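Counting starts at 1 for both ligands and their atoms, in listed order. Being a predicted model, the structure only gives us computed values, none of them experimental.
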Amino acid sequence: MSISPLVRSPRLVALLSLASLAACGGNQSSAAGGGGGDVMALMQARDLTEQDVTAALKTYTPTGRHDEYYTFASGGHGGNLIVIGVPSMRILKYVGVFTPEPWQGYGYGDQSGDVVGSVTKGGHEITWADMHHPALSETGGDYDGRFIFVNDKCNPRIGVVDLHDFVTKQIVGTELIQSEHGAAFVTPNTDYVVETAQYPAPLGGGYAPIEKYDDEYRGAMVFWRFDNQKGRIVPEQSFAIELPPYMQDLADCGKKGSDGWVFCNSLNVERAYGGILEGKPPLESGASQNDMDYLHCINWRRCEELAKAGRTETIAGMRVIRLETLLQENVIAFVPEPKSPHGVDVTPDGTKVVVGGKLDTHCTVYDLPKIAASIGAKKFVGKDPYGVPILDFQDSIVGQCEIGLGPLHTVFDDKGFAYTSVFIETVVAKWSLKDLKVVDKIDTHYNIGHLVAAEGDTVNPDGRYLIAMNKWALDRFAPVGPLLPQNFQLIDISGEKMSLLYDMPLPLGEPHYAQMIKADKLHPIDVYKPIGFNPAIDQVDPAATVAGKERIERKADGVHVYMTAVRSHFSPDIVRVKQGDTIHLHVTNVEQAKDATHGLAVGGHNVNVSLEPGKHCNVTFQVDRAGVFPFYCTEFCSALHLEMAGYLLVEPQ
Ligand code: CUK
Ligand code: CUA
């Protein structure tokens, strides 16, 4: 085999000699291996091009070295959050949010069990979610690395994950709306987490015939009040606004000069609702009749004042500002947006919002100062059927950028460029915000949905890296049956031309959006301190067990077992109870060594907790049959890990 001309290129030879120099570390002789020649042989053997090797050198992360960025991707149907290192694309963690997660014991003990099941729907426990959009907490429009919020499109809920221990602390939900999509998006100082309805329904639940869609079905936007000090959403201080029954889609909050506004696109202003077997057009065609839908422009700060002034009506426990009030107070207006819009992304400087169009070839760039001024001056050209004033399209835009077929979402870099995912054309288009011209395109494999860039939706994007979050994988990976993974493609956006670095299959659900944050902005803890800490309440648990004070106490409500875990035993290791007892297990890992995690599993009772160093867990369960149930540690914690076990002895009545 002869060396291909590509391999002989001077640039590569320079690269390889650099690489081999680095590999030798200056004190290894080339006889020990490495050396440019060997690398070339390896390239030939593995059929790698110069571009492949460059990509490998840009992503390979040697053992012990940490990544520059964290990416938090939604876990889609998995209802969890996926933490990924960039540029290595190594998965660092799954964080259970809406779905029980056994490794973390999430959903199996009292505390996290309460979080995962804390919102029920009409008495139904919901054990999955359709997670779409994670949003990092912000200060001044920039990621502050403190919290991340996630949404559930199917059963409108918001999860709050604390990044100091990467644990879900709270899930809130509302019966006001029956589905959502424009969530979770935060205001620039994380005062509110925005959640917008998608499929209209009667507000607060309940029935209305679909023929009454126009009159009785409604959209809404919920503003969940976040207490930055406590790190929790405060439902009582939250409020919502009523919207016409369009399908509100994505949302984004204004920043800098446009702070105080929230923008939300919509589809189906036709108010079609399907009825294929009833002689009506399917929803998809009924909803695509008009050339224009409406970009909703809402002054949330004025809405907050209205809520504080009591201009609300309580529906399903949520304070709601009715549309009529919004109109009286001139705090909402629509701007036409081309057909079936998707994506609404405010530029880093806060002066524009970019809207894609699934059935359009343009991104439309709206002029936010102009829109605010027109609303202030009531310069309207019409009203929608619900009385919402409409601004003139041409008068409200900076212009349109001809992107390609099916532009969806847009993120930004630090050099004035926007990057738009183009679904049908299956590319990322890089374009200039200055003259609205495309300057580069790169293929994605295949059919990109969202994309995420390093801090690319903040006031201060980093450039550097972008991930194309592709819907289809087709031929990219070894076949695994009809259900294929999603494909994340890491793209280098530091240069003039974009270049593909890495393909990463994600086989847990369909992540829609993600957030990418500089790693040094996060300061997670190593161990829980002080010992006995309960992460669900962020303090030492009242039932924490102190080493030396282990005991079993029979009380009116059952048997309380105060237990400690330490390498390599549980104390007590024999627990004698009677059939029919309720067991309250209070177990504390009394270790403070990093990574000294134990797990506690009890056979036959679905009991499984994770005990990170210093952590305390409470588990309540019933023993309704007599028997001998071994319990044991589920983390290989020491040489005597297999011996870290005990017996739950349930005597017959
Ligand atoms: S949506 Cu999925 S690709 Cu939920 Cu943000 Cu656009
Ligand atoms: Cu503790 Cu294994």
Exercise. Centroid-to-centroid, F98 to W128, below 6.0 Å?
Worked result: no

Problem set entry | Which segment of H409 sits under 4.0 Å of ligand 1 when only heavy atoms are counted | side chain

Is the side chain of [X] donor-acceptor paired with the backbone N or O of [Y] at a distance under 3.5 Å, no angle test?
X: T99; Y: G78; answer: yes
X: S74; Y: M131; answer: yes
X: K441; Y: I403; answer: yes
X: S258; Y: G350; answer: yes

For this session: Tell me, please: is K471 in heavy-atom contact with ligand 1, that is, under 4.0 Å?
Result: yes

Exercise. Do H296 and Q248 have side-chain N/O donor and acceptor atoms under 3.5 Å apart?
Worked result: yes

For this session: To the nearest 0.5 angstrom, please state how far the CD1 atom of I84 sits from the CD1 atom of I467.
Result: 6.0 Å

Problem set entry | E195 and R157 ion-paired at < 4.0 Å | no

Problem set entry | Environment of atom 4 (Cu) of ligand 1 in terms of protein N/O/S atoms, cut-off under 2.8 Å | H132 ND1, H181 NE2

Problem set entry | Pi-cation contact, Y528 with K615 (under 6.0 Å, within 45°) | no

Seminar exercise, completed: In ligand 1, the atoms that come under 4.0 Å of a heavy atom of H342 are 1 (S), 6 (Cu)

Exercise. Using the ring of each side chain (for Trp, its six-membered ring), is F149 parallel, tilted or perpendicular to F226, with breaks at 30° and 60°?
Worked result: perpendicular

Exercise. Using a distance threshold of 2.8 Å, what protein N/O/S atoms lie below it relative to atom 1 (Cu) of ligand 2?
Worked result: H598 ND1, C633 SG, C637 SG, M644 SD

